[in-house]
Asks: 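Starting off with a structure, shown below.
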There are 2 protein chains.
Amino acid sequence: MSLPQSEGPDSQGPHSPLPRRRTGIPEATVARLPVYLRVLGGLAETGVTTVSSDALAVAAGVGSAKLRKDLSHLGSYGTRGVGYDVEYLVYQISRTLGLTQHYSVVIIGVGNLGHALANYAGFASRGFQIVALIDSDPRRVGEDINGLEVRHLDELETVVKEHEVSIGVIATPAASAQDVCDRLVSAGVTSVLNFAPIVLAVPDTVDVRKVDLSIELQILAFHEQRKSAGPPASLEVGAG
Amino acid sequence: MSLPQSEGPDSQGPHSPLPRRRTGIPEATVARLPVYLRVLGGLAETGVTTVSSDALAVAAGVGSAKLRKDLSHLGSYGTRGVGYDVEYLVYQISRTLGLTQHYSVVIIGVGNLGHALANYAGFASRGFQIVALIDSDPRRVGEDINGLEVRHLDELETVVKEHEVSIGVIATPAASAQDVCDRLVSAGVTSVLNFAPIVLAVPDTVDVRKVDLSIELQILAFHEQRKSAGPPASLEVGAG
DNA sequence: AGCGCTTTGTGCACCTGTTCACAAAGTCCT
DNA sequence: AGGACTTTGTGAACAGGTGCACAAAGCGCT
Ligand SMILES: NC(=O)c1ccc[n+]([C@@H]2O[C@H](COP(=O)([O-])OP(=O)(O)OC[C@H]3O[C@@H](n4cnc5c(N)ncnc54)[C@H](O)[C@@H]3O)[C@@H](O)[C@H]2O)c1
Ligand SMILES: NC(=O)c1ccc[n+]([C@@H]2O[C@H](COP(=O)([O-])OP(=O)(O)OC[C@H]3O[C@@H](n4cnc5c(N)ncnc54)[C@H](O)[C@@H]3O)[C@@H](O)[C@H]2O)c1
């Protein structure tokens, strides 16, 4: 019940090389730092001041060697024979990820998913401030969600510029997603988180990450199929 | 505006090796097959019957060589000089992913996110049937969402066995996620999709994939920081 | 002060995945 | 039928990431 963990193998998205601009930090490491950060936060709350790579690795579900190598990319912040100072490490990881600054986020599409996102407390907790909710449906415009008024799509450019939005979250139907994305990019947004099931085309100065539920399920299905096909070793499902 | 795309570099989750049991299909390929499938579905709808690796690759946001190598893992289903038959390829990918069977899904935690998921049409479209919604809050039990009645947590085991549920979706607060997961696993669920921001411990017979919004944003923040730090090439932010 | 214990940081070998580039295979036109 | 053209499938080089295993570094006890 506490095995090395078999988390989602990876996935997220097919993507271009990303030649690692000037950073020495590998993408794979960047993707894990937020996990370490979250675990460290939990430790700090329970009063722990120091943690070993082994303990942290177990809590984060990775191997300890990998964890140490990851941390070594930010510098030498551990003490041999002791471990890492929790508070200091939190600071260093935050700094590395750029979380010492704050980011303005706009959510486009306030339907089922957009509503959930707008009510989600996990945004603000790391310095991501939702500054606007936008929808194209006039019936939704004006609605108050979690203290923010829904604004019309026409105001997208105004809002982006006014609040210096750097991150756009797309939660519209797939059919509108590319249009919305283009407008975000034109308005100056350089990072997009996309929930619509479509591959967005963007200039390569813009980062896109996607969250696709359906893909996750299909990956699970693949492994599920394998499990049921393998072990029994006889007794087929018949219906070929 | 239609560049090679820089989708989310990868990420999803730190995870153990996954020694590739008996399948010849690489994990990275499995993660992309659903994207191809979606694109092919779109093409089929517009009447296209044949597609070249180049065209499909562009639409899927990957390189054509990668796409051909991916497809080559399922067999030789293309025709040289012509391309791939759309319908046949859809079938082959579906079969490979295990989508020719159907999967029963249960959602635990019907709050903001759970509601959105329960209303999401994208589930059923690929053979994933939501058979139950479960919550621990008595006030939510009995509520009707999208034709399904919310049932109490106590009934989890019953429901899982009754419907032969193979996939559990966890949308509870982080604090309850491990408990819920343990119960799902005990009841026989072998695949879990986790939305709670916590690393789940499971036996390695169980697959876990996680979707973590906050991590996605932090990865974007990292690259965002890099962008604003780089170009100017002087003029530091001062406050060290 | 010295010694043994703990734990970090990393060189190295391995492995997975990506990209290039081209021969093999098929189509279509003459 | 033959030849030019298109596109697949893949061998081979490369790149990125993982895990092992251990020397170096710091701690605390005697
Ligand atoms: N609901 C889920 O759980 C879920 C899960 C995964 C992915 N998704 C995806 O997320 C997206 C949103 O899903 P949803 O369930 O919230 O859909 P929804 O239909 O409930 O909401 C979509 C909202 O976007 C608005 N909209 C449409 N076009 C727009 C435009 N051009 N500009 C601004 N707003 C626009 C609509 O008015 C509506 O309010 C879809 O692409 C869906 O595939 C949803
Ligand atoms: N809302 C979002 O957009 C969003 C985004 C990313 C991640 N998440 C994560 O998803 C999870 C759910 O988020 P939410 O916004 O829907 O929260 P929420 O508080 O709105 O809903 C949680 C639901 O889970 C139920 N619940 C609590 N303990 C339970 C248990 N032991 N068994 C069954 N049900 C239980 C609660 O009664 C409630 O209905 C959280 O872990 C959150 O961090 C949410």
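Every chain is numbered from 1, with letters handed out A, B, ... down the list of sequences.
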Asks: What nucleotide among C/dT10, D/dT18, D/dT8 has an atom nearest to a side-chain atom of B/Ser53?
Replies: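 Closest of the options to the side chain of B/Ser53: D/dT8.
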
Asks: When you measure from the side chain of B/Arg80, which nucleotide among C/dT27, D/dG9, D/dT18 comes out closest?
Replies: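 Given the options C/dT27, D/dG9, D/dT18, the side chain of B/Arg80 is closest to D/dG9.
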
Asks: For the side chain of A/Arg32, starting at C-beta, report the closest nucleotide among C/dG9, D/dT18, D/dG26.
Replies: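 Taking heavy atoms from C-beta onward, the closest nucleotide is D/dT18.
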
Asks: What integer distance in Å separates B/Glu27:CD from D/dG17:C1'?
Replies: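 The answer, rounded to whole Å, is 15 Å.
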
Asks: Separation of B/His73 atom NE2 from D/dT8 atom P, in whole Å?
Replies: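 Whole-Å distance recorded here is 17 Å.
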
Asks: Among the nucleotides C/dC20, D/dG17, C/dT10, which one has an atom lying closest to any side-chain atom of A/Ser72?
Replies: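 Shortest atom-to-atom distance from the side chain points to C/dT10.
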
Asks: Measure the distance from CD1 on A/Ile25 to C1' on D/dG17 and round it to the nearest whole Å.
Replies: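 Rounding to the nearest Å, CD1 of A/Ile25 and C1' of D/dG17 are 15 Å apart.
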
Asks: Looking at C/dT19, D/dG9, C/dT10, which one has an atom nearest to any side-chain atom of A/Lys69?
Replies: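 Selected nucleotide (nearest to the side chain): C/dT10.
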
Asks: Picking from C/dT7, D/dT7, D/dG17, which would you name as closest to the side chain of A/Ser52?
Replies: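 So the nucleotide nearest the side chain must be C/dT7.
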
Asks: In this structure, how many angstroms lie between the P atom of D/dT7 and the CG atom of B/Leu56, rounded?
Replies: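 So the two atoms are 13 Å apart, to the nearest Å.
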
Asks: Using the closest heavy atom to pick a nucleotide of DNA chain D for each, name whichever of A/Val82 or A/Thr29 lands nearer the 5' end.
Replies: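 Checking each residue's closest nucleotide, the 5'-ward one belongs to A/Thr29.
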
Asks: From CG of B/Asp85 over to P of D/dT7, roughly how many Å is that when rounded to an integer?
Replies: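 Distance check: B/Asp85 CG to D/dT7 P gives 16 Å.
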
Asks: Roughly how many Å is it from CG in A/Leu74 to C1' in C/dT10, rounded to a whole number?
Replies: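 Those two atoms, CG and C1', are 15 Å apart.
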
Asks: Output the single nucleotide from C/dT18, C/dG9, C/dC22 whose closest atom is nearest the side chain of B/Ala28.
Replies: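 Minimum distance to the B/Ala28 side chain belongs to C/dT18.
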
Asks: Just by distance, no angles: are the side chains of B/Tyr91 and B/Glu87 close enough, under 3.5 Å, to form a donor-acceptor pair?
Replies: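 Per modelled atom types, B/Tyr91 and B/Glu87 side chains form no pair under 3.5 Å.
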
Asks: Check the distance between D/dA15's C1' and B/Lys66's NZ and give it to me in whole angstrom.
Replies: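 That distance rounds to 12 Å.
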
Asks: Going by atom types only, do A/Gln218 and A/Ser214 share a side-chain donor-acceptor pair under 3.5 Å?
Replies: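 Yes, side-chain donor-acceptor contact under 3.5 Å.
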
Asks: Would you say B/Ser191 and B/Asp207 are linked by a side-chain donor-acceptor pair, where the criterion is simply a distance under 3.5 Å?
Replies: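 Checked: B/Asp207/B/Ser191 side chains show no N/O donor-acceptor pair below 3.5 Å.
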
Asks: Over all strands shown, is A/Gly63 touching base, sugar-phosphate only, or nothing at heavy-atom distances under 4.0 angstrom?
Replies: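 A/Gly63: no heavy atom of the nucleic acid under 4.0 Å.
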
Asks: How far does CD of A/Gln178 sit from CG of A/Asn194, to the nearest 0.5 angstrom?
Replies: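 Rounded to the nearest 0.5 Å, the CD-CG separation comes out at 9.0 Å.
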
Asks: Side chain to side chain contact (heavy atoms under 4.5 Å, CB included) between A/Leu33 and A/Tyr36: does it pass, once the steps are laid out?
Replies: CA-CA 5 Å; A/Leu33 290 178; A/Tyr36 304 153; 3.9 Å; yes

Asks: Given C/dG9, is OP1 or OP2 found less than 4.0 Å from the side-chain N or O atoms of A/Tyr84?
Replies: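 The answer is yes; a side-chain N or O of A/Tyr84 sits under 4.0 Å from OP1 or OP2.
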
Asks: Under 4.0 Å between a side-chain N/O of B/Tyr77 and OP1 or OP2 of D/dT7, yes or no?
Replies: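 Checking D/dT7 against B/Tyr77, no side-chain N or O comes under 4.0 Å of OP1 or OP2.
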
Asks: How many whole angstroms separate atom CG of A/Asp70 from atom P of D/dT18?
Replies: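 Distance, rounded to whole Å: 7 Å.
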
